[in-house]
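Excluded from the calculations below are hydrogen atoms, water molecules and symmetry mates; all remaining heavy atoms, backbone and side chain alike, are included. First listed ligand is number 1; within each ligand, the first listed atom is number 1.
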Amino acid sequence: MKFVIWDPGQTKSSELQSECNEAAWLQKGRSLKEKEARLHQLISKLSSMYPQHTEFLKYLHRSDGDESVPTIYVITPTYWRPVQEAELTRLSHTFQLVPKLHWIVIEDSNTTTKLVGDLLRRSLLTYTRLHVATPQAYKLPANPKLSWVHPRGVLQRNLGLQWLRTNLDAEKQKGVVYFADDDNTYDQALFEEMRSTKTVSVWPVGLVGGLLVEGPLVEGGKVVSWNSVWKRHRPFPIDMAGFAINLRLLLNHPNVAFKLKAEIGYQESLLLKEIVTISELEPRADNCSKVLVWHTRTEAPKLDQENNGSYIFQPNLPCFKKWSVREGVEVGIVQINSVTVSFVFLPVL
Ligand code: UGA
Ligand code: MN
C-alpha cells in the first residue's frame, strides 16, 4: 500500500506532521483491513483540511488492497541511449498518478543497469525489472536511413509476457496488460479507460502513421473501420500504444508472442489477430473521440562536445554526473560537497 503526503499550499505543516505520523502508523505491520480503514479516516481528515482538493485526495487512495480492481501491467522495453533516463523519468512520474499499476521494465541489454535500477527504486512504483538483449543481427543499423528494418522491443515484450504467464494466475488475479514504449506520452486518464478491458480495448493514438491522430472509427459502440493511412491494409492498423489486453485472454493463449521477423508495422496486427476479432474490440476514450496517448519520438540530442574523446571533470557539480559511453557501461564522476570523490574511468571507445 502506498500513501502520498502532499501539502498543496505548504501550509498547516503541524497538522500535516501529525498526518505524517499516521502514515507511519500505516506502514507498520497492521492487517490490510486495518490499514484500509485508517487510510479512509486519514483521507477524509485531509479532505477537510483541503476541501478544494477532496477529489484529488480521494484519487490518492490507490485501493491497492482491493482485489476487485484489476491491476494494470505495463510492459516497457527500454534500451540505453542518452535520453533513456529522461524518458523513463517522465513515464515513472505519470505512472505514479495511476492506482494499481505494476510496471514491468525490460532492458534491451545483457545485464540490468544501475541507471534503470536506481530510477525504479526511486519511483516507489510496484515494478519488475528484467533484461534480455536483442541479437546484434536484429539491432538497428547505425545508418538512420536504414533504421527501420527490424521491429523493436520484441524479445523484451515477450519476456514481459513470459513473466506474466509464470507469475500470475488468471483465476486469482484480475488484470489488464498494456505495452507502453518508453518514448510515448501518456495521459493518466488513459489508464482508467483501459482498466475495465474484457477482451481488447482500443483508442486513438496521436502523432503516428503520418497523421495527427490514427485510430479506430466507431459506430454504435463498435469499431467499424480505421482512420489510418500508413499500411492501412494491416489487419489491425493500430500502434502498440493504442490497445490493452485483458490478462486472462493473454494467459489463455500461452503461445501468443511478438515476432522478431515481422514486417515493419505488423507487430501489433500479428499478435492481435491471434486473440481477438475486430467486432470484439472495446472502444474507449469516448468512442475513440479523444486522444490520451501520443507517439512522441524524442529527437536524438546533439552531443558532439561530449564525444570529442576526453572527459571533463566538473568539480562544481553538486552530485552525480554520469555518462554512459556504451550500452551497459556506466561511467560515474562523483563529487558530493567536496568530500566524496569516487569515479570509474573508462576510456572512450
Ligand atoms: C513503433 C511502435 O510505436 C512500437 O511499439 C513498435 O515496436 C515499433 O514501431 C516497431 O514496429 O518495431 P517506434 O517509435 O519506431 O515505434 O519504436 P521505438 O520507440 O524506437 O521502440 C519501441 C520500444 O522498444 C521502445 O520502448 C524502445 O525503448 C524499445 N527498444 C527500441 C529497445 O528495447 N531496443 C532497441 O534497440 C530499440
Ligand atoms: Mn517510439
Side-chain angles (χ1 to χ4, degrees), residues 74-92 94-95 103-113 115-116 119-120 127 129-161 177-186 190 202-211 213-215 228 230-231 234-245 257-272 291-301 324 326-328:
V74 175
I75 295 184
T76 301
T78 186
Y79 69 114
W80 192 85
R81 72 277 195 202
V83 298
Q84 182 184 30
E85 190 172 15
E87 305 278 33
L88 293 174
T89 299
R90 190 179 72 249
L91 250 60
S92 72
T94 303
F95 296 165
W103 197 13
I104 303 174
V105 178
I106 311 100
E107 295 188 61
D108 183 350
S109 164
N110 286 318
T111 55
T112 50
T113 63
L115 185 153
V116 174
L119 194 136
L120 286 170
Y127 65 83
R129 190 181 164 208
L130 305 167
H131 68 92
V132 56
T134 303
Q136 207 48 45
Y138 288 93
K139 286 296 262 187
L140 306 177
N143 181 346
K145 287 192 180 145
L146 295 175
S147 71
W148 224 28
V149 289
H150 299 300
R152 301 159 183 192
V154 172
L155 297 185
Q156 293 71 34
R157 293 190 194 99
N158 287 348
L159 188 60
L161 289 174
V177 180
Y178 182 51
F179 300 103
D181 291 349
D182 61 1
D183 55 342
N184 296 334
T185 306
Y186 305 90
L190 178 67
V202 286
W203 49 80
V205 177
L207 313 178
V208 74
L211 298 174
V213 183
E214 187 190 70
S228 171
W230 182 73
K231 297 198 178 187
R234 289 173 289 166
F236 293 80
I238 192 175
D239 185 78
M240 197 69 75
F243 63 90
I245 306 175
F258 291 101
K259 296 177 177 60
L260 263 181
K261 290 194 175 157
E263 182 187 336
I264 289 306
Y266 275 73
Q267 278 210 75
E268 299 84 348
S269 287
L270 294 179
L271 183 116
L272 288 173
V291 177
L292 297 174
V293 55
W294 294 263
H295 185 250
T296 40
R297 300 181 84 200
T298 309
E299 182 186 6
S324 298
R326 285 281 168 106
E327 176 195 318

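For Q267, every heavy-atom contact with ligand 1 shorter than 4.0 Å involves the side chain, none the backbone. Contacts between D239 and ligand 1 below 4.0 angstrom, taking non-hydrogen atoms only, involve the side chain exclusively. Proximity of D182 to ligand 1, defined as any heavy-atom pair under 4.0 Å, is shared by backbone and side chain alike.
Applying the 4.0 Å criterion to heavy atoms of M240 picks out, from ligand 1, the atoms 5 (O). Residue P151 has at least one heavy-atom neighbour below 4.0 Å for each of these atoms of ligand 1: 12 (O). Near D181, meaning under 4.0 Å from one of its heavy atoms, ligand 1 places the atoms 2 (C), 3 (O), 4 (C), 5 (O), 22 (C), 23 (C), 25 (C), 26 (O). Atoms of ligand 1 lying under 4.0 Å from any heavy atom of D183, numbered from 1 in the order shown and given with element: 14 (O), 19 (O). If you number the atoms of ligand 1 from 1 as listed, the ones under 4.0 Å from a heavy atom of G153 come out as 24 (O).
When the options H150, R297, Q84 are ranked by their closest heavy atom to atom 13 (P) of ligand 1, first place goes to R297. Within the set K139, R81, R152, the minimum heavy-atom distance to atom 12 (O) of ligand 1 is found for R152. For the residues R157, E87, E263, the heavy atom positioned nearest atom 7 (O) of ligand 1 is part of R157.
Of all heavy-atom pairs spanning P77 and D181, the tightest one is CD-OD1, 3.9 Å. In terms of heavy atoms, R129 sits closest to T113 at NH2-O, 2.5 Å. Between Q84 and T78, the shortest heavy-atom contact is NE2-OG1, 2.9 Å.
Aromatic rings of F258 and F179 (six-membered ring for Trp) have centroids within the 6.0 Å cut-off, being under it.
Under 2.8 Å from the Mn ion (ligand 2), one finds the following protein N/O/S atoms: D183 OD1, D183 OD2.
Using a 4.0 Å cut-off between charged side-chain N and carboxylate O, E214 and R234 make a salt bridge. Looking at R81 and D183, no side-chain N of the basic residue comes within less than 4.0 Å of a carboxylate O on the acidic one, giving no salt bridge.
Using a 4.5 Å cut-off on side-chain heavy atoms (C-beta onward), Y178 and L190 make contact. W103 places a side-chain heavy atom less than 4.5 Å from the side chain of L91. For the pair P235/L272, no side-chain contact is recorded, criterion being any heavy-atom separation below 4.5 Å from C-beta on.
Between F95 and Y186, the ring planes are tilted. Angles from 30° to 60° get that label.
Remark: Q156 engages D108, T134 in a side chain to side chain donor-acceptor pair (under 3.5 Å) (not counting sequence neighbours).
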